[in-house]
Amino acid sequence: MCMREIVPILSAFCDELEAANPSLDDDSNGLIALYEASYLAFPGEAMLDRARALAIEKLQELIPSMKPDQREKTRAILLDLPLHWRAPRLQTLRSLEEHRGRGDRNIIDPSILQLAALDFNLVQAVHRSELLEVTRWWKETGLGEEKLPFARDRLVECFFCAACIAPEPRLAACREVLAKVGSLLVHLDDVYDIYGTLDELAAFTDAVGSAAWDVSSAAAALPEYMKAMYSAIRSTSTAAADRVMKEQGYDAVADAVAETLKEVNREVAFRSTHAADRVCVNLARIMQCIYRDGDGITSPTDNRKRLVKDLLFNPAGPYICDTLAELYGDQ
């Protein structure tokens, strides 16, 4: 059923809500479902906004006459994030707890609930073992109380976010990188916001921005706590890049990029050309340009350097065509 067919149905239902149809007084579950579904609206679908407002108004009217358990559930739903804004992994846990508490034996087969709980526990065990490994890495960096005691230690919270973003067991590498990068970013935030001096921060920024990633030269003048931070950033990013190339190989990565750009083509074809859309598309394009045959940030080729000069410093001239031909000629 397309949206064009759904709008008249929703409109008629909203009219009944506004008319205070008594038949809806006992349908609190239907009103909750309408409230949750309204958050699936696309831009410009004012009908679902209207449906949400009416559902909230009607539920608030019905709350005083509800049974205690239904009253508590309804209030919690209206105060919490809508279903489609919640992390699926957290919603799974919440759903299991709700069904277990209600004992819905006539609605859901108990064996299904047992399998769902078993699946949750098995995935949780995978996440817990990964957290142990990430914790070991964190201790090895010495970035906790040992070298940066002023910074927030939020490794567990960062892994929690990673496990919600990419919960599937097969995405272990993604969770690992997200948790590590998140922890480093929290520390970087504290270094820049509350601890580092202007001179130290300028030196650290230059060191991280250096193409060489040479600990002996770029980080030599940094204070000890910044050397530890610099070393952790360098080793973590290098390990992540090496892991991708080792597991996937360059050809596989290139194939993945090609398929991703096909998805970009589809999005561009069926979406309006707002400035934000063009920015996102151009981000994908320039990443392809920079990393096409290696790391154009860490070790830029002569062609990359020449393109930077041509774009930012050199007036346009015929030789630019030669540079572009050399860069893209074999595509």
Side-chain angles (χ1 to χ4, degrees), residues 80-97 115-148 151-191 208 213 228-261 263-264 280 283-284 287-288 291 295 297-298:
D80 201 351
L81 289 173
L83 174 64
H84 302 290
W85 289 8
R86 299 176 201 156
R89 183 71 177 159
L90 297 179
Q91 180 57 28
T92 298
L93 181 59
R94 178 172 180 170
S95 297
L96 286 172
E97 292 174 346
L115 286 173
L118 177 61
D119 176 76
F120 182 91
N121 292 336
L122 289 174
V123 175
Q124 184 186 72
V126 172
H127 292 172
R128 196 160 50 237
S129 64
E130 294 170 357
L131 177 58
L132 182 63
E133 292 300 318
V134 174
T135 301
R136 185 176 292 111
W137 160 82
W138 185 244
K139 290 181 178 179
E140 290 173 353
T141 65
L143 294 181
E145 294 185 0
E146 181 181 345
K147 295 181 179 178
L148 281 80
R152 292 165 293 169
D153 192 336
R154 296 294 183 268
L155 177 67
V156 175
E157 289 83 350
C158 290
F159 188 85
F160 163 84
C161 293
C164 288
I165 294 170
E168 295 88 345
R170 64 184 179 84
L171 298 178
C174 179
R175 284 189 294 278
E176 177 186 343
V177 171
L178 286 174
K180 290 180 177 181
V181 170
S183 298
L184 293 174
L185 286 175
V186 170
H187 265 47
L188 274 175
D189 185 52
D190 289 342
V191 167
V208 173
W213 273 118
M229 192 78 227
Y230 178 89
S231 177
I233 294 174
R234 177 181 181 276
S235 61
T236 302
S237 58
T238 301
D242 290 345
R243 182 173 185 173
V244 170
M245 297 306 296
K246 181 178 180 181
E247 293 180 355
Q248 304 295 333
Y250 179 79
D251 291 339
V253 173
D255 291 342
V257 169
E259 291 302 313
T260 301
L261 289 175
E263 294 290 338
V264 171
C280 292
L283 173 62
M287 289 300 101
Q288 171 74 340
Y291 292 101
D295 188 345
I297 298 296
T298 301

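Predicted model only: the values in this text are computed from it and were never measured.
Of the possible donor and acceptor atoms, none in the side chain of Arg175 sits under 3.5 Å from a partner among the backbone N and O of Glu130. Checking side-chain atoms of His187 against main-chain N and O of Arg152 turns up a donor-acceptor pair under 3.5 Å. Under a 3.5 Å cut-off, the side chain of Thr238 and the backbone N or O of Ser235 do not form any donor-acceptor pair. At distances below 3.5 Å, not a single donor-acceptor pair connects side-chain atoms of Asp189 with backbone N or O atoms of Leu185. With hydrogens and angles disregarded, no donor-acceptor distance shorter than 3.5 Å links the side chain of Ser231 to the backbone of Ala228.
Residues Val177 and Ala240 approach most closely at CG2-CB, 4.1 Å, considering heavy atoms. Summarising the geometry of Leu155 relative to Trp138, their closest heavy-atom pair is CD2-CB, 3.6 Å, with the distance given to 0.1 Å. Between Ala166 and Cys174, the shortest heavy-atom distance links the atoms CB-SG, 3.9 Å. Nearest heavy atom pair, residue Ala162 against residue Leu178, reads CB-CB, 3.7 Å. The two residues Pro167 and Val123 have their closest heavy-atom pair at O-CG1, 3.7 Å.
In this structure, the separation between OG1 on Thr135 and CH2 on Trp137 is 10.0 Å, given to the nearest 0.5 Å. Here CZ of Arg94 is found 8.5 Å from CG of Leu83. Values are rounded to the nearest 0.5 Å. In this structure, Thr92 OG1 and Gln124 CD are separated by 12.0 Å, a value rounded to the nearest 0.5 Å. Here Thr141 contributes atom OG1 and Leu184 contributes atom CG; the two are 7.5 Å apart, rounded to the nearest 0.5 Å. Distance check, rounded to the nearest 0.5 Å: CZ of Phe120 to CG of Leu93 gives 4.0 Å. How far CG of Leu143 is from OG of Ser183: 9.5 Å, rounded to the nearest 0.5 Å.
Judged by the 6.0 Å and 45° rule, Arg89 forms no cation-pi pair with Phe160.
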Could you give me the CA-CA distance, side-chain angles and deciding distance for Arg154 and Asp190, then say whether salt bridge (Lys or Arg N to Asp or Glu O under 4.0 Å) is met?
CA-CA 12 Å; Arg154 296 294 183 268; Asp190 289 342; over 6 Å; no

From CA spacing to verdict: salt bridge (Lys or Arg N to Asp or Glu O under 4.0 Å), Arg136, Glu140
CA-CA 6 Å; Arg136 185 176 292 111; Glu140 290 173 353; 5.6 Å; no

Just do the side chain to side chain contact (heavy atoms under 4.5 Å, CB included) check on Asp80 and Arg86 with the steps written out, would you?
CA-CA 9 Å; Asp80 201 351; Arg86 299 176 201 156; 4.2 Å; yes

Determine whether Ile233 and Leu188 satisfy the following criterion, side chain to side chain contact (heavy atoms under 4.5 Å, CB included), listing intermediate values before the conclusion.
CA-CA 10 Å; Ile233 294 174; Leu188 274 175; 4.0 Å; yes

Gln91 and Ser95: side chain to side chain donor-acceptor pair (under 3.5 Å), yes or no, with the steps?
CA-CA 6 Å; Gln91 180 57 28; Ser95 297; 3.1 Å; yes

Apply the test side chain to side chain contact (heavy atoms under 4.5 Å, CB included) to residues Phe159 and His127: give CA-CA distance (whole Å), side-chain angles for both, the deciding distance (0.1 Å), then the verdict.
CA-CA 9 Å; Phe159 188 85; His127 292 172; 4.0 Å; yes

Take Leu90 and Cys164, measure what side chain to side chain contact (heavy atoms under 4.5 Å, CB included) needs, and give me the verdict at the end.
CA-CA 7 Å; Leu90 297 179; Cys164 288; 4.0 Å; yes

